[in-house]
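One structure is given here, and the rest of the page talks about it.
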Amino acid sequence: MTDQAADTTTNNVVVSNFIRSRMDEDCANKTYSDTIATRFPPEPNGFLHFGHAKSIFLNFGLAQDYAAQCPKSHCNLRFDDTNPTKEETEYVDAIREDVAWLGFDTQGQALYASDYFERLYHCAEQLIQTGLAYVDSQDSESLRAKRGTLTEAGTNSPYRDRSIEENLDLFRRMRAGEFPDGAHILRAKIDMASPNMNMRDPAIYRIRHAHHHRTGDAWCIYPMYDFAHCVSDAIEGISHSLCTLEFADHRPLYEWFLGQLAELGEFKRPLPQQIEFSRLNLTYVVLSKRKLIQLVTGGHVDGWDDPRLPTLKGARRRGFTLQGFKLFADRIGISKSDSLIDYQVLEDCMREDLNERAERRVAVLDPIKLILSNFPENHAEPCLAPNHPHHPDLGKREIQLTRELWIEREDFMIEPSKGFFRLTPGKEVRLRYGYIVKCTGFDVNDNGQITCVYAEYDPTTKSGTPGSEARKVKGNIHWLSCAHSVPAEIRLYDRLFNSPNPGGRQAGDAPEQTRDFLDDLNPNAKHIQIGRVEPALAQCQRESCYQFERNGYFVADQFDHSTSKPVFNRTVTLRDTWSKN
RNA sequence: UGGGCCGUCGCCAAGUUGGUUAAGGCACUGGGUUUUGAUCCCAGCAUACCUAGGUUCGAAUCCUAGCGGCCCAGCCA
């Protein structure tokens, strides 16, 4: 790949959105002095996926952009690790790699909500001491029963009016490990009749005798998201806490906690503000953590970095590029409306980036032999092929033409269908960068399969020689010399699901029929075959991207490619307006 | 008659302190270039902003009433 064109994806005009509008205002008013501070707060309990990429570009991108006006702007990578039963270090490492891969250098700085456990605990005691939090000793069933429903108010807990002293004592003993899991929880005392379920005395702390990936066994009580997140934001001086729409109902609680703690002198105003935007929805893809896990553990894919998966690890292996993702993020924009982006948009972004940056090479994916019967044996004719049609400065390379060649099986048809203008008996076609050849015959085996095609070349028509352009032929096919090419494993990937809405309703479904998203799995999403490639391709570095002319964009596999066993994954095909009809 | 959010071209998405012919991108269509049926270039593409009323000289932008969609009842995030 070249990097001279790497900036072509960054010349996009910045489109305004409601978050930028807010930030513009806050910048102009110096609300947060000279800072726009955001954060990307993944929970380390799974791998990052395409949806996270949108959030990463949003949060890190905004901080980067606003640094021009507000020089102290920055974005923190913070692990939201408040639930020890679900989180693991391996995810932390994987997430850090993914963030770095998307181009955001956190200078080795990763922050953790767990670093704030002591401060969080202190804040909780402050709330207790002000009568704003209490220890509830009901079991989870009665807690649920008393919460009310969406249309009915909840009822107060019998423990709601415990004295401050008792609450403090109980909470301290919770921390000391005197109680088993579930014996008590600490709740905020707000309003059991609130129409917003989140305000009905939400839990702040729960007892979990579990080993935490960073704090070990130091704690047996852990803060809940609603409490930990806003306090972490305040501690870090986050100005704009961006999250997805489903957290909009939590905003009053976010503001309640921070407002109360500010009153208590724990935090200074201005406080961070939560702003919600709509999450990414993509056709032909599942992005829910639960479903992704099911695909991996159920053996439907080959692991978290399977190129068919919408994980960042999978995308990287597939050959998707960070520039392509950036293009995608810019293209889909940010708003609050529920959107469903066509998967093709993502593919197009990858094509657009790769078209500009990937050098061209020749590969024959599904080879059949072509013999030029009038071509001298034991002769190799060097043909010049440009490495990139738009960048002559990238030079040309030689491809050897010989009597026996490999061509693409689909470039030959005995009985041409309408509109087919590649090789067909009696017709001419140009061997790209070589000569015009005329098909003279073919062999078929007992199964009716074509085994060999014969043609005669016209020595006066070599590409690049004077007069070679005199004769125009419409067909132009790629080829590789049998003697001057090497075998390579070619992994052809396609969409993982057949349905734009995996597991969703489809036309013809009975009214009550429910479908499993696994039923929509595309069994042909992965196809491995042995093709032929230019010899030099075996020497390329892993993760090198190329356009295999007329075939698509391919990447040398991140793990399996080697000089002795070249392996290329198809990132995405070229646009094809012909097969589309 | 629980609460919150959303509804602008096939898909996204500006515009929403009311003011000429409703940005832009993608897709699509037509034309040109082309030794990738690729790329690239040019042109076209919402009398219309969920619907119905209303206010106004003037509304996608304000008001009223509807309709449709998403989210919330974890000691998950």
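Every chain is numbered from 1 and lettered A, B, ... according to where its sequence line falls, protein lines coming before strand lines.
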The contact string for nucleotides 35-44 of chain B, one letter per nucleotide 5' to 3', using protein heavy atoms under 4.0 Å with B, S and - for base, sugar-phosphate only and none, comes out as BBBSB-----
Atom pairs and distances, donor-acceptor, side-chain atoms in residues 334-343 of chain A, under 3.5 Å, two or more places apart:
residue : atom : partner : partner atom : Å
A/S335  : OG   : A/S337  : N            : 3.2
A/S335  : OG   : A/S337  : OG           : 3.1
A/D342  : OD1  : A/Q344  : N            : 2.9

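Atom CE of A/M199 is separated from atom C1' of B/rC71 by 17 Å (rounded to the nearest Å). Distance, A/Y91 OH to B/rA77 C1': 15 Å, rounded to whole Å. Look at NZ on A/K336: it is 14 Å from P on B/rG15, rounded to the nearest Å. As a whole-Å value, the separation of A/E276 CD from B/rC70 C1' is 14 Å.
Helical stems involving RNA chain B, defined as 3 or more consecutive Watson-Crick or G-U pairs under 3.5 Å, span B:2-7 with B:67-72, B:10-12 with B:24-26, B:28-32 with B:40-44, B:50-54 with B:62-66.
Base orientation at B/rG74 is syn, since its O4'-C1' glycosidic dihedral falls within 90° of 0.
Applying a 4.0 Å cut-off to non-hydrogen atoms, the residues of residues 151-159 of chain A that approach RNA chain B are A/T151, listed by residue number.
With sequence neighbours excluded, the residues satisfying ring pair (Phe, Tyr, Trp, His ring centres under 6.0 Å) with A/F227 are A/F257.
Checking B/rC72, B/rC76, B/rG4 against every side-chain atom of A/M197, the shortest atom distance belongs to B/rC72.
For the pair A/G148 and A/S21, both in contact range of RNA chain B, the more 5′-proximal nearest nucleotide belongs to A/S21.
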Tabulate atom names and distances for all N/O pairs under 3.5 angstrom spanning the protein and nucleotides 9-12 of chain B.
residue : atom : partner : partner atom : Å
B/rC11  : O3'  : A/L340  : O            : 3.1
B/rC11  : O2'  : A/L340  : O            : 3.4
B/rC12  : OP1  : A/L340  : N            : 2.7
B/rC12  : OP1  : A/L340  : O            : 3.2
B/rC12  : O2'  : A/I332  : O            : 2.6

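When heavy atoms are screened at a 4.0 angstrom cut-off, A/Q138 is found touching base atoms of the nucleic acid. In this structure, A/S140 reaches the bases: a heavy-atom distance under 4.0 Å links it to at least one base atom across the strands shown.
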